[in-house]
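First the structure, in the form of structure tokens, and then the observations on it.
Letters A, B, ... mirror the listed sequences (proteins, then strands); counts begin at 1.
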Amino acid sequence: MENRQRIYLVLMVLVGLIFWVRLFFLQGLDDRFKLAADTYSIRRLVNQPLRGNIFDRNGKVLATNDFAFDLMVIPSETQVMDTVALATLTEVPLEEMRKAWAKVIKNIEKKRRYKRQPQPLIRDLSQKSIAAFQEKMFRFPGLYVEKRSVRRYPEPFAAHALGYAREADASVLESDSYYQPGDYVGVAGIERAYESQLRGIKGVRKVYVDVRNNEKGSYMDGVYDTLPVPGSDLTTTLDIELQKYGEQLMQGKRGAIVAIEPATGEILVLVSSPSYDPNWMVGRNLRQHYGSLILNPGKPMLNRAVMDGYPPGSTFKVMNAMLGLQGGVINPSTVVPCGGGFRLSAAHTVGCHGHPNADLRFSITTSCNAYYCHVFNELTKTGANPRQAYSAWYEGAKRFGFGTKLGTDIPEAKTGLLPSPEYYDRVHGKGKWRGLTIISLGIGQGELKANALQIANLAATIANRGYFISPHLGKALNGKPLPDTTFKKNYTRIDTSHFQIAWEGMYGAVHKPGGTAKVARLDSISVYGKTGTAQNPHGKDHSVFMAFAPSNKPRIAIGVLVENGGFGATYAAPIASLIMEKYLTDTITRPALQERMLQTRLE
Amino acid sequence: MSFNDRRDGFIGQVDWILVGLYLALTLIGWMHVWSAVPGQERLSPFDLSSEAGKQFAWLIICLLVGAAVLLTDTKLLFAFRWPLYGFGLALLLVVLVIGQEVGGNKSWIVLNSFIKIQPSEFAKYFTALALAGYLATPLHLAPPAGRWPGFFWIFMAPITLVMVFADVLLGQGLQMKRVVYWLKAFALIGIPAVLVLAEKDTGSTLVYAAFVLALFRFGLYLIMLYLGLGLAFLFLTSLVVQPWILILGLVLVSIAVWLFLLGRSRKAILPLGFFLVLLSLFTLGGRWVFDTVLLPHQRTRIMVLFDPDLDPKGSGWNVNNSKMAIGSGSWLGKGFLNGTLTQLKFVPKQHTDFIFSAIGEQWGLAGTTVVILLFLTLMMRLILRAEMQRSPFAKAFGYIVACVLFFHFFMNVGTTIGLAPAVGVPLPFVSYGGSSLLGFTLLLFTFIKLDAHNLEVLR
Ligand SMILES: [Zn+2]
């Protein structure tokens, strides 16, 4: 039995010896591992998530993704490279290839990117070039191909509402660490407003690579790897069919159309004309079209629907009527004698067209200038001094959304201009101005600037009898409606009952004798409208129109602005009317009018 | 039992060589757990939020436990060996119910984010106590075989058959008492092993084979050792060599054995034939078991022994990278904290199952030689001390501890250099992990304590 102890000792020594011999070969004699070991490196690969799709309110796809292939470079891992061979292989002009390399080197010299950081060398390579490159990839250490999704817009409309995404520039990279060079970021419109929801979450994979650029498996067994999470799908409030119709009607004209669902603040249509195909802003198309977009005198890149805008003209009078009623300076039966205008002084009169003397309702219907100069003038007398009275009016007008961005989700939205008391202090001197100095505000002219969104919003406010929901384009994310609190309900603090007279006046403007907007009349539906003309010192006046319909729970409020269109009734009102008819009845009963609008070229 | 009640020292005569080896290995382990982190992520080795810090805390705990064991009356451990064994089994059952899966094994009880316990590590200790206690009563003093229920025999049938034929083959005549004695020992080892297997912890299950290894010292049929080694050899070769060639080889070997070793005994023909058929069936069945019973990941773990490039991103990946890290260490290594691949976290699980590769990369052949020598010294010292024990309990326990350490050493280092399948066992005292460190500490210090009182034991 005793000798069995030896079995154990022999077994142990034997195993120890075998292990040691193995180690002697592995560590001492075998050179294979020494070479390989120090040439490995870790590469962090980013899996870009798919950007969320964008739909219109009826589920039509407005934006989705296609694929593109980029040639990426990690400068620290490149060696002396045959640029000519690379250019030939990828079918990229040699000149472009050289420029691309120069850019890569410049990026490093300017410390914009680290040497170890991947950056794009050539973007949007063809499938064929990619295949050719990948076969010879081992000859180009530090280069690899990245598949990237690019935006596609199936409907060539609503460019301004949708906006666009483009490669993140230096300022974006500095302000938000989420973005890496080469990432895409929404920089306009919905793409920008809902960037954080649309972009999703990047996936990250860390892998070992050897000198020949081959992946050698996951770092740490992949415990740090994450899968990309695709961006949320966004449903917008747009009605793309109506949008398309609006853009067609605006062909050859400069201007804007905004249509809102009053009860919800949802923007049905947002036209800015001239427009462009949103696909022009993507990839290689951009290089092709960018020049013409920038050089076009019509400034197609400008979103006219939300720009600072023009004087709102007579549409503004309805708001002044409401402020007048609330301020107690008039009542529905107040009659202001017109007689051709409002006499400012012996020399100056704000003119008016010929019409019977008007009470409040008829003053809206016939758009009497004298009436609203009177209302505004009276309002500026209600305070301790004109400045204080004006301040009250200013706050009231702001509550109608003028001089504000309305709380909208359109990133390009401007405030327009509603002159503040301080503004007039600067222009005229403190205490040196009064109602008559700035009387043109009463009729929506003067320094005032408003855009189509604000005018459509005014129509929606009247339709709602005293409040508006911040007009917006976002409706639902991944099918889930945005929370009710996303867009504020804004109150004008005007008694609901006062709006009855505004409704009646606007109804009269479309349907009654003496009305200014009879062209907007629909046979089957009550339309409530108000024309306007924005004075244009540089040329023909701009045509303005706002309206809402039908009478029972208005479903659409619209603001139309046609530059150099003359009177509101000339172009703005017919266009608004056609759009409302299409939206409410889905038919066009006035093909001749439609044809005239489609054919008109004002550019 | 034969402990002397009269004790001159409370602690006794501690074998400081064993304690020194223990300290050397645990400190090497702690150092290299600390090194196996990318440089910029490395905190102080005492920072409890890092693995090195946790290992340090466990090391302190283990030193306290070791000291406590040295102060304990070992009679207690002997007296309570059965309740402790039962407690070990209960723990294993509990883990089956409430255990949580960590790295594919459902063998953990998670108390909180800091403390995870792996009961199989402690069950090993309790099984060692019970088995040593059982072996303390040698075969000739054991009670007669008695009657055993039928299911016991059915359950143990293969082992019984082997033993019966071994008795006959060795010409010793069939001794039922001996057969039953060893069957009970196998049952003692087998029950916790089956429970651990149910936790899908392959590595820990195989470790119970180490207990069987210890039995040979106490008279278990040596033919079973040769048979076991032979089977392992056959199994591995059957994967790369045609089975009929192997069987032909077996027949030739059997004839040679009969001719030259067994003196052409007629009585030996039947048992020899039995073993020949058994091995042939195994050769044929081995391939079948390999192809159908084993799961794909288990298959690749074995196949990568022959072809490391077989699964370069899966289980071959770990072993390949481990070999690369060790190989890149060359003669003297890249220096402590300069292991480039270790810094890259190139070898997965490097602080646990692949800690040896961190040593190999940073210290080269010099370092790996030192570690191998430390282990050989420790294991052989244990065998030598165990052999000198007057108490049969202490002797058996010493052999068990040596065998458990040997098995872990073999499987762990063997895996990192591609000589053993990657089943995932820790390197004793060195690998990161509190449960395993505590388990091995208990095993070693219990033997040191038993050994310390060796001279007090009356014959
Ligand atoms: Zn008038």
Side-chain angles (χ1 to χ4, degrees), chain A residues 1-45 76-77 114 116 204-212 214-225, chain B residues 38 213-214 216-220 222 225 229 312-314 317-318 320-321 323-334 339-341 344-346 348-349 360-361 364-369 372-373 375-376 379-380 382-384 386-387 399 402-403 405-406 409-410 413-414 416-419:
Chain A
M1 276 299 203
E2 298 296 319
N3 65 354
R4 287 202 175 178
Q5 182 196 5
R6 246 178 275 158
I7 296 175
Y8 291 89
L9 298 177
V10 167
L11 210 57
M12 286 167 182
V13 171
L14 200 65
V15 165
L17 206 63
I18 292 171
F19 281 7
W20 190 82
V21 169
R22 171 75 163 187
L23 286 165
F24 182 80
F25 279 95
L26 205 60
Q27 301 190 285
L29 300 183
D30 197 337
D31 282 336
R32 238 173 350 136
F33 297 116
K34 269 138 246 157
L35 283 175
D38 292 319
T39 49
Y40 272 44
S41 58
I42 298 176
R43 178 172 300 165
R44 186 174 177 277
L45 299 178
S76 67
E77 292 176 20
Y114 300 116
R116 297 180 64 98
V204 173
R205 218 155 55 83
K206 286 185 171 178
V207 294
Y208 295 102
V209 287
D210 65 11
V211 273
R212 283 172 303 169
N214 299 316
E215 270 185 43
K216 301 301 272 189
S218 296
Y219 174 67
M220 289 282 290
D221 256 354
V223 289
Y224 293 135
D225 294 0
Chain B
L213 187 61
F216 293 106
R217 175 62 191 84
F218 301 92
L220 183 62
L222 266 186
L225 179 62
L229 294 176
K313 288 182 185 175
W317 163 248
N318 296 5
N320 224 3
N321 290 0
K323 276 160 68 182
M324 186 178 288
I326 292 173
S328 72
S330 198
W331 302 102
L332 294 173
K334 302 175 187 170
T340 40
L341 293 177
L344 277 174
K345 291 231 164 201
F346 190 65
K349 295 189 280 188
E361 191 190 11
L365 186 61
T368 50
T369 306
I372 286 178
L373 283 179
F375 266 103
L376 282 184
M379 295 183 302
M380 291 168 77
L382 278 169
I383 294 291
L384 292 174
E387 195 59 47
Y399 265 93
C403 288
L405 291 183
F406 175 64
F409 170 75
F410 175 73
V413 176
T416 60
I417 56 180
L419 288 181

Interatomic distance, B:Thr368 atom OG1 to A:Leu23 atom CG [nearest 0.5 angstrom]: 4.5 Å

What's the separation between atom CD1 in A:Ile18 and atom CD1 in B:Ile372, rounded to the nearest 0.5 Å? 11.0 Å

Among all residues two or more places apart in sequence or in another chain, which pass the ring-ring contact (aromatic ring centres under 6.0 Å, His included) test with A:Phe19? B:Phe409, B:Phe410

Side chain of A:Arg22, backbone of B:Leu419: donor and acceptor closer than 3.5 Å? no

Begin from the C-alpha positions of A:Ile7 and B:Arg217 and carry the test side-chain contact (heavy atoms from CB on, under 4.5 Å) through to its verdict. CA-CA 9 Å; A:Ile7 296 175; B:Arg217 175 62 191 84; over 6 Å; no

Side chain, backbone, both or neither: which part of B:Ile326 has a heavy atom under 4.5 Å from chain A? both

Contact class of B:Ala386 relative to chain A, heavy atoms under 4.5 angstrom: neither

Can you name the residues that form a side chain to side chain contact (heavy atoms under 4.5 Å, CB included) with B:Leu373, not counting sequence neighbours? B:Thr369

With rounding to the nearest 0.5 Å, note down the distance linking CE in A:Met12 to CE in B:Met379. 5.0 Å

Could you please spell out the steps behind the ring-ring contact (aromatic ring centres under 6.0 Å, His included) verdict for B:Phe406 and A:Tyr8? CA-CA 10 Å; B:Phe406 175 64; A:Tyr8 291 89; 8.7 Å; no

Dump the intermediate steps for side-chain contact (heavy atoms from CB on, under 4.5 Å) on A:Arg4 and B:Phe218, then the final yes or no. CA-CA 9 Å; A:Arg4 287 202 175 178; B:Phe218 301 92; over 6 Å; no

Minimum-distance pair of heavy atoms, taken over all atoms of B:Leu365 and A:Gln27: CA-OE1, 3.0 Å

